[in-house]
Amino acid sequence: MKKLSQLLTSIKPLQVVGNTDVDITDVINDSRQSRDGVMFVAVKGVAVDSHRFIADVIAAGARAIVCEDMPQELAPSVAYVQVENSVIALAHLADEWFDHPSRALRLVGVTGTNGKTTTATLLYEMARLMGYKAGLLSTVKNIIDTREEVAKQTTPDHLTLNRLLHEMVQAGCDYAFMEVSSHACVQRRIEGITFAGGIFTNLTRDHMDFHKTVDNYIAAKKMFFDALPREAFALVNADDKVGEVMLQNTAASKHRYSLRSIADYKGRIVESRLDGTTLELNGNQVEVLFTGRFNAYNLLSVYGASLLLGFDPQQVLVKMTLLEPVAGRFQTLRSPRGYTAIVDYAHTPDALVNVLDTIREVVGTTGHIITVCGCGGDRDAGKRPIMAREAAVRSDRVILTSDNPRTEDPNEILRQMEVGVPAECRPQVLTITDRRQAIRTACQLASAGDVVLVAGKGHEDYQEINGVKHHFDDREQVMEVFDGEKN
């Protein structure tokens with residue numbers, strides 16, 4: 001419980017009407033959570049303007065209203081706080097309500113198209129291996145020290161984010177690592193959060209349904225770096241041309257990592273296998289349980305960030321050998337019949353190319369690559385033919401299948417994908433709408449030495465069809481096939 005007057009010190013109201021010397025029991029932005037004594041922040045969202053629920057929350061006992069548009073009728077028992085931007089106000093009120101939790105942590109944000117989950121998760125694991133308590137906010141899950149909870153968004157809303165960070169502080173965490181999505185940057189979800197560092201992984205086409213243009217997408221990512229304080233570090237992938245763009249206007253100290261050129265943190269792939277890689281980091285060779293150039297970049301960013309956080313360099317190299325792949329990220333499964341299945345979250349053209357090129361580098365011409373992939377519904381339709389084309393030209397066989405069609409017709413999504421398949425590749429491409437059957441067919445086509453790539457869903461344990469989520473796990477489906485092969 002806090003005084004309204006104390007909460008208001010975190011924002012700059014245009015006007016305040018009513019008594020501010022009142023106790024607030026909670027800060028909410030969801031009218032359905034209204035109860036006696038709460039402060040309700042009315043936000044003009046994309047789909048809903050919650051200003052229209054002000055009367056309802058007052059009837060339920062709300063004691064204070066923060067809004068952009070003052071109601072025509074004001075209840076004498078309620079304090080009204082008018083602000084220029086409710087979203088920004090909500091961010092700072094949430095920070096104040098939870099006692100500025102990000103200031104009590106060394107919080108590192110990771111942004112980019114691909115590699116966010118892996119990088120953030122491995123940094124969490126690194127901190128734990130170094131003997132520290134840490135927290136993680138990721139697409140896959142949120143972790144407060146060792147307690148896990150399901151993640152609903154890549155970057156949580158203001159109140160959830162600050163609550164989770166507060167719980168990390170309460171649990172004694174020293175460090176926290178989180179994914180920072182482009183949506184979160186545009187929607188100001190990280191407003192008011194204090195970061196000790198920011199990492200940029202890469203940028204390729206994604207979320208065009210939301211950002212509309214690549215320039216807008218870049219600008220969204222850049223917002224994160226532009227807001228970093230002078231005391232923080234900004235670590236970027238120097239091999240991505242957008243890396244330098246991220247550094248243009250940041251006040252943070254600037255650092256780079258690279259596999260191809262001179263950088264603060266330089267890496268080189270010495271040997272790559274399906275079960276691991278010999279990697280050189282600033283002249284030191286380490287054996288890691290990861291495969292592929294894209295993972296080399298992820299590990300290089302983890303190495304650089306660990307040193308920037310002050311971890312002992314030699315201990316970091318030792319702990320690198322103990323890090324394990326994240327669920328659904330190039331997760332390798334061995335069939336009783338001698339072929340390998342890989343479950344990966346690759347759901348953008350660039351991510352799919354990275355995974356397929358990695359597999360080809362390892363298997364060469366001795367094994368066949370059989371790829372199962374699809375595209376999600378209600379998302380960027382422009383990437384559908386591109387995904388199909390990249391899969392077709394880089395695989396020996398391809399099965400196009402349903403991903404998360406959401407509210408779209410899965411067969412129409414597949415027709416849009418089929419347009420991208422080059423004529424010379426069409427004989428090697430099958431279309432099977434049912435994802436379970438597609439995975440089974442791919443495994444049936446595989447022989448010893450081949451690789452079956454199941455791409456697109458990775459860690460997800462559901463399939464969303466007609467707006468309804470059904471349990472579906474790619475890894476479980478593969479293991480069911482393997483169990484049948486044993487009989």
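The model shown is predicted, which means the values in this text are computed figures rather than measured ones.
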May I ask you to test the Leu299-Leu122 pair for a side-chain heavy-atom distance under 4.5 Å? yes

Under 3.5 Å side-chain donor-acceptor pair for His471 and Glu476: yes

Would you say that Tyr297 contacts Asn237 through its side chain, given a criterion of any heavy-atom pair below 4.5 Å between the two side chains? yes

Here's a test for you: under side chain to side chain contact (heavy atoms under 4.5 Å, CB included), which of Leu129, Asn298, Thr121, Val288 qualifies with Leu323? Leu129

Electrostatic pair Arg384:Glu408 at N-O distance under 4.0 angstrom: yes

Option passing side chain to side chain contact (heavy atoms under 4.5 Å, CB included) with Pro405 (candidates Ile465, Thr433, Leu414, Asp378): Ile465

Give a yes or no on whether the backbone of Leu247 and the side-chain of Lys254 come within a donor-acceptor separation of less than 3.5 Å. yes

Side chains of Lys266 and Ser258: donor-acceptor distance under 3.5 Å anywhere? no

State plainly whether the residues Arg147 and Glu149 are in salt-bridge range, i.e. N to O under 4.0 Å. yes

Quick one: do the His347 and Arg379 side chains pair a donor with an acceptor below 3.5 Å? no

Close side-chain approach of Tyr303 to Tyr257, heavy-atom, < 4.5 Å: no

For Leu309, does its backbone N or O pair with a side-chain atom of Arg106 as donor and acceptor, under 3.5 Å? yes

Between Arg397 and Val429, is any pair of side-chain heavy atoms under 4.5 Å apart? no

Can you find a side-chain donor-acceptor pair between Thr113 and Tyr217 that sits under 3.5 Å? yes

Residues His183, Arg189; criterion side-chain hydrogen bond (donor to acceptor under 3.5 Å, both in side chains); working and verdict: CA-CA 8 Å; His183 291 66; Arg189 275 184 252 151; 5.7 Å; no

Do Arg273 and Glu271 sit within salt-bridge range, that is, some charged N less than 4.0 Å from a carboxylate O? yes

Please assess Glu418 against Arg426 for the test salt bridge (Lys or Arg N to Asp or Glu O under 4.0 Å), listing each intermediate value before the final yes or no. CA-CA 9 Å; Glu418 290 169 343; Arg426 285 173 188 163; over 6 Å; no

Below 4.0 angstrom, N of the basic side chain to O of the carboxylate: do Arg415 and Glu412 qualify? yes

Return the NZ to CG distance between Lys383 and Leu352, rounded to the nearest 0.5 Å. 10.5 Å

Within a strict 4.5 Å, meaning less than it, do heavy atoms of the Tyr462 and Asn404 side chains meet? yes

For Glu179 and Thr111, run side-chain hydrogen bond (donor to acceptor under 3.5 Å, both in side chains): C-alpha distance rounded to whole Å, both residues' side-chain angles, the deciding distance at 0.1 Å, then the answer. CA-CA 6 Å; Glu179 296 183 49; Thr111 195; over 6 Å; no

Checking side-chain polar atoms at under 3.5 Å, does Glu287 have a donor or acceptor matched by the opposite partner on Thr321? no

